[in-house]
Amino acid sequence: MSTSIIGAAVNRIDGPLKVSGAAQYAVDYTLENLAYGVGVPSTVANARVVRVDAGEAEHMPGVLAVLYHGNTPPLYRPAEQLEHSRAGEIRPPFEDDQVYYYGQFVALVIASTLEQAQAAADRVRVQYDVRKPVVLLSEAAKPQGPPRVHSSRGDAAGAFASAAVTIDETYTIPVEVHNPMEMHATIAHWQGDKLTLCVTTQGVMNYQKVLAEVMGVPLENVRVISPFCGSGFGGKLFPWPESMLAALGAQHVKRPVRVQVPRSMMFTTVGNRPLTRQRMRIGATADGKLVSIRHDVVQPMSMVDEYVEYCTGVTTMLYECPNVETRQDLVRLNVGTPTPMRGPGIVPGLFPLESALDELAVKLEMDPIALRLKNYAETDPSSNLPWSSKHLRECCQTGAERFGWAKRNPKIGSMRQGDEILGWGMSTATWHAGRGGATVRVRLNADGTARASCATQDIGTGTYTIFAQVVSDRTGIVLDKVQVVLGDSTLPPGPTSGGSTTTATVLPAIAKATDQAVQRLLEAALITPGSPFFTEDRASPPKLAMTNGWVHEVDKSWNSGVPFDEILIARRLAALEGEATTGPDMAAQEHYSFHSFGAQFMEVAWDPGIARLRVTRGLTVIDAGRIINRKAGSNQILGAVVMGIGMAMFEEAIYDPRTGKPINNNFADYLVATNADVPKLECIFVEYPDYHLNEYGARGIGEIGLAGVAPALTMAIHHATGVRVRTLPFRMEDVLGGERATIV
Ligand code: MOS
C-alpha cells in the first residue's frame, strides 16, 4: 500500500474544471424555459407594509408574476430543533406584513429575462408604516433576565479583587460580512410535486431537509445539487430566504426560476458575524500567573431569529486559571440575522482574550510568549480531560525561532528600519476538533477507474482532492483515475462543511468503503474462472492484496499480478462497490478534549512621516494533527490569515442609524484585504497525527488560521506606535490622535 499520497502537496483534482470555466456553479445551469426572480428589498428597517403596489410592474414586458405577503400562500417554518434541520433565518419570507431589517425581501418579481425582472422590480411601490429602527447597540433595550451563557469556576470576582496586577478593558468587533466570491443563488425547478434545486451551499443534505419542510413536501421529493461552491465562510451553512422564494416562485409560474442575491443584499439577508462588545477582566500574580479571568459579552441578534456568538467558550479552556467566570447577553436590533462566520465564537472571543493578555504582559514587563507558556494548560481546564494531542508549546517555540522573536525589543517604537518602525505581535490560535457521521460509496470500475461519492460538498477547501487521495492511498489507483462525486443530496448521506470537521469526518468512511470494495474485488479474483488467482481449492486460497491498482499475491511483487480491471472483466462486472458509514468515537469523546492549536506572528511597519501602516510579515505555526494535502492545507491557513488581516485592518459593516441601511454594502466601501495589503505569509505545520480522532490522525484546518491574526496585529500596532486598538478595525485616526468616527 502506498502512503506517500497522504500528506503530499497535491493539486486540486477539480482545479482544471475551475480554471477552464467548465465547473458549473448554481447560476450556470441553463434550464429550458428558465425564468428570473428579482427581489424587492425593504428600504426601511422597522415597519409594517401597508400596501404593495405591483400594478405597473405586472404590466411590464416579460413579467410573469409579482409575489408578496398577501398574494401568496404562506410558507411553512423549518422544523429546526425537532428535525435537526436549520435555516439561516427561521422566519420564511413573506410570513407577515412586518419589516424587521433593511434589505428584507418584501416582494419578488418574476420575468422571462433577468433585465425584465430587474426593471419591473424597480417599479414595485411599497408603502410602509415606518417605525424608528434600532440598529445601534447603544440604543438597544437592555438585556433582560439571566444571561444567555454563563459559566463559572472558582471565585473569579474575589480573585480579581485581590490580584496583584489587573487588566480591565472593553473590546469591540463590528459586524463583519462573509462576502464569498460567489453570491448566494438558487435555481428551483418543479416537476409535478418534485423539486430540484441548483444552489451554492455548505450543506446539501440540510438544505434538502429545510426546503422540504418549508415547501411542505416529503424529503425524497427534494433534490439539492451544489457540485461547486465559490466559498461560504459560514454564510452558506444554511438556506436563506432567496432559495425559499425561488421554490415558491417556480411553483407559482410553473417554470424553473432563478433567484440570485445581488452583492448589496449579501450585506443584509444572508447572515453576518454579529457585533460583539466584550469586557475582559484579568487578574494575575506579580510573576504572571493568571488568578482570574472574567469575560462578559454583549451581542445583538435580529428581531426574527436567535444566534449566539459563543465567544466565551475559548476563555474557559485555553489557559490554566483557577477562577473563570463568563457571561453573554443578547439584545435585539433591526439588522439581518447573524450566522456563523469562519471561526465563529472562538475568533471574536480570542481577540479580547489575547489582547488583554498582551496588555498584561506589557504591565508585567514580561515577554508575551513567556506569559502564555507560564499559564500553559496541560489538560483542558474547562473539562479536566486530557488533550487528545496538544503541541502548542512547540508551535510557540518553532514560530519564535523562525520569526526571530529573540531579536524583539519590547520597548515601544524601538525597532526602526529606515523610515519605518516595526511592530511585532503574536497570539495563540485554537479551534475545536470535531468529527461527525458520513456514508461514502466507492466503486472500482471495469475501465480501470475508481469513483467515490458522498452527499457532502467541496466549498473550495479541497474536499474533492482528499477523497481521491484516500482512495488512491488504499488502492494505488493513480489520482487522475479516481473520480469524486459530491454536492448532490441523492448521494450517500454526508456532512455539512462546517466547523472544520469535514476532513476528519469523511476520511474514515472513505477508507472503510474503499477497503470494502477492494475486499470484494479480491474475493472475485479467487472465485472467477479466467482470473489468474482462480482456484478450485476453496480451503486454502492464496492471500491477495491490491497495490498500484494491481491485484497480486501478498507475498509476491505487485507486478506479478494483474491490473484490477482484468478481474472485473473476467467476471463480466461493470464494477464492484463498497459502502461504509462511520461516526465519531463516542468513548474517545468522553476521555479526551479535542482541539487544534497554533501560534501566529505578525509584523507591521509604521511610517509616521507619511502616516502609512502596513502589514509586512506573517507566520503561522499550526498543530492540527496530520495534514492530508499540504498544498490545500497551507492554502486554507494562508487564506484565513488574509481574512484576519481584513478583520483587523479593514472590515466593518456600518449601519445608518436612521434607516438601518448598511451604507457600505458594496466592495468599494466595505474593505477587504487585497493583494497590495497582504505581505509574504508563511505557514508551518508541526505534525503530530491525532489518532484519537481518526485513523489518519487529521484534524480540521479551515478556521484556525484566522484565530489569532487580529490580536497579533493589534499587538504589533501597539508595539510600533504605543496605541492599543481595542475597537476593530484599525483606523488611521487611532494612531494620528484624531477622533474615531465609529458608529456602534
Ligand atoms: Mo464554518 S463558520 O462552520 O463555515
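Note that this is a predicted model, so its numbers are computed, not measured. Atoms considered below: every heavy atom in the structure, side chains included; atoms not considered: hydrogens, waters and symmetry mates. Start at 1 and go down the list; that is how both ligands and their atoms are numbered. All residue numbers refer to positions in the sequence shown, counting from 1.
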Just jot down the ligand 1 atoms closer than 4.0 angstrom to any heavy atom of Gly234, in number order.
2 (S), 4 (O)
Decide whether the shortest distance between a heavy atom of Lys236 and an atom of ligand 1 is less than 4.0 Å.
no
Proximal ligand 1 atoms for Glu703, defined as those under 4.0 Å from one of its heavy atoms
1 (Mo), 2 (S), 3 (O)
Of Ser226, Ser243, Ser489, Ser85, which is the lone residue that meets side-chain hydrogen bond (donor to acceptor under 3.5 Å, both in side chains) with Tyr207?
Ser243
Are side-chain heavy atoms of Val135 and Leu333 found at a separation under 4.5 Å?
no
Between the side chains of Glu182 and Thr200, does any donor sit under 3.5 Å from an acceptor?
yes
Within ligand 1, which atoms have a heavy atom of Gly498 less than 4.0 Å away?
3 (O)
Near Phe233, which atoms of ligand 1 are under 4.0 Å from a heavy atom of that residue?
2 (S), 4 (O)
Considering the heavy atoms of Pro344, write down every atom of ligand 1 situated less than 4.0 Å from one of them.
2 (S)
What I want to know is whether Gln202 and ligand 1 share at least one N or O pair that is separated by under 3.5 angstrom.
yes
Should Leu353 and Met280 count as side-chain neighbours, where that means a heavy-atom distance under 4.5 Å?
yes
Provide the number and element of each atom of ligand 1 under 4.0 Å from a heavy atom of Gly499.
1 (Mo), 3 (O)
Arg342: numbered ligand 1 atoms lying under 4.0 Å from its heavy atoms:
2 (S)
Would you say the side chain of Phe650 lies within less than 4.5 Å of the side chain of Val672, judging by non-hydrogen atoms?
no
Between Arg332 and Glu306, does any NZ, NE, NH1 or NH2 come within less than 4.0 Å of an OD or OE carboxylate oxygen?
yes
Are Phe228 and Tyr464 close enough that their ring centers fall under 6.0 Å?
yes
